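Read the structure below first, then the notes.
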Amino acid sequence: MSRKKELLSRVGLRLDGRRADELRRIRCKLGVFTQPDGSAYIEQGLTKVLAAVYGPHQVRSKQKAQHDTCIINTQFSMAVFSTNERKKRPRGDRKSTELSMHLQQALLAVIKTELYPWSQIDVYVEVLHGDGGIYPACVNAATLAIIDAGIPIKEYVCACTASLGNNDIPMLDVSHQEEVIGGPTLTVAALPMSGKIVLMEMSQRFHLDHLPKVLDKALEGCKDIKAILDEAVKNHVREMGSSTGWANTTS
Amino acid sequence: MEVIESFENNLNLKCKLQVLSRADGSAMFSEGQTVVLSAIYGPVEVKMQKLLIEKASVESVFKPKSGLPGVSDRYKEYLIKNICETALASALYPRTAVLVNLQEMQNQGQLISCAINAVCLACLDSGIDMKFLFGAVSYFLTKEEELTLTPPINESSVKAMFVFVFNNTKGDVIASHTEGRFSIDQYKTALDICRDEVKKVFIFFKETLLDT
Amino acid sequence: MAEQYKSLHPAKYYRDHLKHDIRPDGRELSDFRPVVINVGSIKTADGSSIVKIGNTTVVCGIKAEISRPKADAATKGFLVPNVELSPVCSSKFKPGPPSDQAQVLTQIIADIVGNSQCINLEELCIFPDKIAWCLYADLICIDYDGSLIDACALALISCLKVVSLPEVSYDPSLDKQQVNLEKRTPINVNSVFVSTTFAIFDDKLILADPTVEEENLCTGTLTIVTCNDELCYVHKPGGSPLVDEQMSDCIEKCMNRSNSIKKLIKTAILENI
Amino acid sequence: MSLCDAEKTFILHGVAENFRSDGRDREGYRPIEIETDIVQHAFGSARLRLANTDILVAVKIEVDTPLPERPFEGKIEFFVDCSANATPDFEGRGGETLAIELSNILASAYKSPKTFNLKKLCILKGKKCWKLYVDILILECGGNLFDAVSLAVKAALFNTKVPLIKSVNIDGDNVELDVSDNVFDCERLDVTNAPVMVTVCKIGDNCVVDPNLAEEQCSVGSIVVAISQEYFSTVTSIGIGSLHAQTLCSSLELGQKVGIRLNEALMDTLSHITSDQDFGFLK
Amino acid sequence: MPVDHKRINGPEESVPYELFARLSGLTSEKAFEQLYKAGKRSDGREFEEHRKIFLKNGAVSQAKGSAYIEMGQTKVIVSVFDPREIPNRSDYSLKGELYCEFKFAPFSCAKRRLHQQDNEEKQYSCIMKKALESAVCLHELPNFQVDIYALVMHNDGSALSAAITAAGVALVEAGVPMYDIITSVTVGIQQGVKLVDPDSLEEQMCQVQFLSEKYQDNNHGLLIISKLHTQEQLCQFYQNGYVSLEVLKSGLEVLSKTCEVIVPLVQKCLIKHITNGIKS
Amino acid sequence: MKEDSLVCLPGQRLSICDKIYTSGQGTYERKGYIYSMLGGVVDIVEKNGLKVLEVHSNGQNTVIPSQGDIVTAEVYIITQQHAKCHIKCIGNTVLKSSFRAIIRKEYVRVTEKDKVEIYKSFRPGDIILARVLPITEAHSYQLSTAENELGVVIAHSEHGYPMIPVSWTEMQCPKTLVKEPRKVAKVVPENMTTDILSVLQNNV
């Protein structure tokens, strides 16, 4: 346990100079591509993720079609050069199938699927550069892409990681370096407004009384991320709107 | 070339039925030091490509003790599949499938004959219709040209091995698998001796069924 | 019209023919199809042979490579036989990994080579525990028309008889080997195995050298491999039971067929030199 | 993207009058944007946007032992990954045939030593050499993939920084290399002769360069020409349809002319790029 | 090499013995030297002379259409199977499809090839598919797929063109509707010298770029085309290496001339097949 | 086949394509000329003043079930709504590989379409004659036996003996005299291919 000491210096600064409850710089852009119905690009620190949404369109294989809801089909793939160790195959291994299933769960909780029976929505996520917090970046990128595609959702779904520095101070938005050196990381995907948790995943072990602290910190993180995403969406809509002249109607 | 093994020393066969709960019929069978676990699932639903109109399609899987099934296990599956196709009255279950699963637990030399006997016991246990019972005996020819029932201890001293599968009605040869080189009359003597030995195997089958 | 009848009721079509002891392709019950052997036609391989039994065609090519012997068998080289049922030979086989039938054939051919001890693996070892020959024997089926074990076995044995390996000198101190391509010495083959397949039709008729239709309709097959007037493989994978007389007259037919095949192999090899 | 016959004839007439639907003439290219040094992990990277075709290329370098039959040369390997972002049918293994076709054409274009000299990648004859992994990620397909990929690869190789080998010591069998860890002193690859590909599409009875998705649909036959210093390093016919010998020669000439012009344009844009303008997708 | 559970595996790694042989000293440059001086090729052929071709159809009894071709030492067998539904495709497509697979036998080349299809074979299958797609009337086979398999038993140069020509014959014998007879030829270019239908040594020689100052002309490469006979159309064109435009054009003329030389032979083989089809 | 018939190869120019000569089966028309598509024999068929050029290859040509063909098929699965079968021969040409086909309940017979029970019309293993309906789905052909001459031709009883048609709804097993319900094809000699008739005769 001693090695985790250096994660937080005495002054409370982390390895990359952030404070314990500070998110990495998030920059995002909607409508990056023309072909897909909705697309988004997000940078959380150095982690760069591209998301594209196709749909809702006719289901490709008839047996999977459902009469009352729309099915969400996701694919998570990491570019071969996204990690410093070159990956042999971009997708198809167990980890990427698991992450795409988690992504599907997160989106199912949000998208109003009952509006599109017999149809299918494809959400594809491509990680260009992986530097820790890959799954949360994918969830946030997918949310932006779905908004860009104009698919009705109940709420933003935001995800954030949190960890434990010097085994008592919860730290937010863990980078790859901290993941490798640091202790247990908790990944939370949540609906920030209603405070509901959609998906919670933990690596290594948490002590029981630390868990609530770290969980609250993660939920706070999700709220902040939601604010940033919301602001980016507003700019995008304003920018899109201005080209068609109805920008002056809103504030 | 005299026969070492005397008549009454049987092949110390041991068996336990109903070993697996999910299988329709299962048997843990051991012949000397060789132990095989077999299970029968049938008649079950069949995949479209494998469907046969007028009879059941038999499929067999042979899992080795360690590692992934290789080319030699495919050969054992092929052997067992053909034996079951002749023995089972598959015409009574058209358009269905019978799955035979085998797991090798321990191998002292008579792996194939032990597997075949295990399958027959599992069929009996599952109560599937059969035209006849089949029993297998393996027979070894050592370097010094002696024919013996029990596998010699060190592998190198085995010159040839015969595995014969007989049916219990007329005692005809259903299947034969051999290894190593041997002369024609050695083959014929081995065939006759095994035909007597297999009677004991069938007696053993009856006993196991009676006392379960 | 006969063709239509044959496709609707193949079994009945065959029974009508077999009533008069004639097979649809005009052969008697125990007749064999013509055998054609051609050796040494592929120059890029160290030994090659093409065998045609009736329409069934198998090409065998042996490529020798240098490798390190296994730790537990330090004085033994390798002979790696593999049967490939390529999609060329029949619409039943699709490209991709070998089908179950191909794997079973590979195992049978490997058993036959092992049982017959036709190649002494010690002779393939150049320097114990350091380097040894590894003969990759690849058998590819070009046309699948029944009794494939016979064709593969014949192709492999005739190919082994014409393999020639360059002379290798190994210097243990420098761990360097020097290959002299000009001086090529054939490997000695201790025994010649010949395989014959019979199909059992309706539990009583024994058809020798079955075609692919006969194999599909028969209720059992029996393959006997002779090796220098001994037997080295009797393979009957289930199927309708055989009485002892049928078994012995099959063995008897198989013996005199192997003599004629051995002569054929000798002539094919003489032509090649 | 299926066109009805009316649209096809419209495109046909446009090409006949040398005035295509988006205002270009037969030899005009759509606007191309190149950015280099996008991916931090990679030794060299480039992103190219040809109208809405979007390609990202990253080059990684590893130490490897040279092939026994070619001890003097390093190795270069092309890997193409069609991301499902481009179209839903690239999902799973959908994009594999296109990926294999692209990597094969690139491999045969870079095969001749005149185009890209692998001897410079050799560290120690027969023992150690550099292996270049050129990974191409296709983010969006807007037609004319071959040109976009070849330009992006050339830009990425231009941007690649090969680490300098300070010293090589050999004892017995194993070889230790120590690489100078200071980032700036590195060698650059000589990319002048690297081939540039031009797709020449035959629509109606004249040839067109840089076809977009619609034009690709109604092309009778098309060839891909890889040009390196006015020599042809690879020529392949793609798509269904056959060409008359005459049209083939004229498209070869057109391909060569456009290829040389395209290569010059690329080389001087690459030399003008300064390393700080990195804005990636956020632009 | 990952252990292949579906085959018998030899030792983990094995190396062809040619590597340890004393280098034969006959580098490509010296080989070209002798060839250039003699004005003739090693087997006595002119530069633009095609090797003797032996072509026979009906080589595989189980296939709908099959052909066996020998160009010099290169031996290729092709079989075509009658159309079946396109697997895993539900929508109704008006045009049929071809599935081509080109495979070298493990023993067919100097260096042993693996059983699995490697990149070069995938590329050749792709080229072969392109060549045949423009020769077959796909609209006549709506929603069907024709399988074409080519196996090279002995590769002594220009194996791909031999496969394409043989595939053309096999398709006609299989009764698949085709626009025209297809023939294919390869030419190797080195220092401006054009070697039609190169054997494997000449093919290697043309892929290598000569460094010595004696040879300034840096034209080298390989050119494969396939041509439709009556329509005079090139349905496939592949070139690699480093060739200038004029050499490429002159290479094209030589190739289309040689294609015409082969066509009568293909026609004779097909007519023989049709006539004894009529007689029986 | 007459001895002096004209042999042609694919891509061979046969004639100019004008009012008189038109391209028939096995030929295609390009730039005003008719070319042959198959390797085989050229037949010139007179159709109301028009000379139609057709090319027939010797039986090897690839035949695909097209609308209206009479096909021989073997039933392999029956459900409440349809019977699935493999098409073995189209007209007289035997297929090397069978095509998948389906007979829906409403196409089994002409009268009382809705009261049809599939298991009373077909059983797995029966050989039937049917007509191909217009092709809609990609992978399986729609067949119909809604004519008197179409339906079950050869059926085996429970005990394996070929049965004889007794009425157009029943067939009887000669050995066990058990009557089994089938949708029997009315045996009309000129429509039936002669040999199937002979098969029926020598089985009785």
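Letters A, B, ... mirror the listed sequences (proteins, then strands); counts begin at 1. Computed from a predicted model, the values in this text were never measured in an experiment.
- You'll find the side chain of B:F162 stays beyond 4.5 Å of the side chain of C:V234, heavy atoms only.
- Between B:T178 and C:L231 there is no side-chain heavy-atom pair separated by less than 4.5 Å.
- Taking CG of C:L105 as the start and CZ of B:R74 as the end, the distance is 14.0 Å to the nearest 0.5 Å.
- Using a 4.5 Å cut-off between heavy atoms, B:K159 contacts chain C through its side chain alone, with no backbone atom that close.
- Taking each heavy atom of C:P237 and B:N82 in turn, the nearest pair found is O-CB, 2.8 Å.
- Using a 4.5 Å heavy-atom cutoff, the side chains of B:Y78 and C:D100 are not in contact.
- Of the two parts of C:T226, neither the backbone nor the side chain holds a non-hydrogen atom closer than 4.5 Å to a non-hydrogen atom of chain B.
- Of all heavy-atom pairs spanning C:Y233 and B:Y75, the tightest one is OH-OH, 3.2 Å.
- Side-chain atoms of C:N115 come within 3.5 Å of backbone N or O of B:G180 as a donor-acceptor pair.
- Contact check for B:F164 versus C:K236: no side-chain heavy atoms found under the 4.5 Å cut-off.
- B:L191 touches chain C through its side chain: at least one heavy atom from C-beta onward sits under 4.5 Å away, while N, CA, C and O do not.
- For chain C, no part of B:V165 is nearby; none of its heavy atoms comes within less than 4.5 Å.
- Between C:D244 and B:D192 the shortest heavy-atom distance is OD2-OD1, 4.1 Å.
- In this structure, C:K253 places its NZ atom where more than 12 heavy-atom neighbours from other residues, nucleotides or ligands lie under 6.0 Å away.
- Contact detail for B:A175 and C:G238: the closest heavy-atom pair is CB-N, 3.5 Å.
- For the pair C:C227/B:R181, a side-chain contact is recorded, criterion being any heavy-atom separation below 4.5 Å from C-beta on.
- Among the candidates B:T86, B:N167, B:D73, the residue making the largest number of heavy-atom pairs closer than 4.5 Å to chain C is B:T86.
- In this structure, chain C has no heavy atom under 4.5 Å from any part of B:E85.
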C:E230 vs B:Y187, side-chain contact (heavy atoms from CB on, under 4.5 Å): CA-CA, chis, key distance, verdict | CA-CA 10 Å; C:E230 273 191 335; B:Y187 181 75; over 6 Å; no
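- Looking at B:F182, both its backbone and its side chain come within 4.5 Å of chain C, counting heavy atoms on both sides.
- Heavy-atom neighbours of B:E45 CD from other residues, nucleotides or ligands within 6.0 Å: at or below the threshold of 12.
- The shortest distance between side-chain heavy atoms of C:H235 and B:S176 does not fall below 4.5 Å.
- Between C:Q103 and B:V71, the shortest heavy-atom distance links the atoms O-CG1, 3.1 Å.
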With side-chain contact (heavy atoms from CB on, under 4.5 Å) as the test, would you mind laying out the steps for B:E77 and C:V104 before giving the verdict?
-> CA-CA 9 Å; B:E77 287 167 9; C:V104 166; over 6 Å; no
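- Of the atoms belonging to B:K188, it is side-chain heavy atoms, and not backbone ones, that fall under 4.5 Å from chain C.
- Contact count against chain C (heavy-atom pairs under 4.5 Å) is highest for B:V173 among B:I80, B:D172, B:I116, B:V173.
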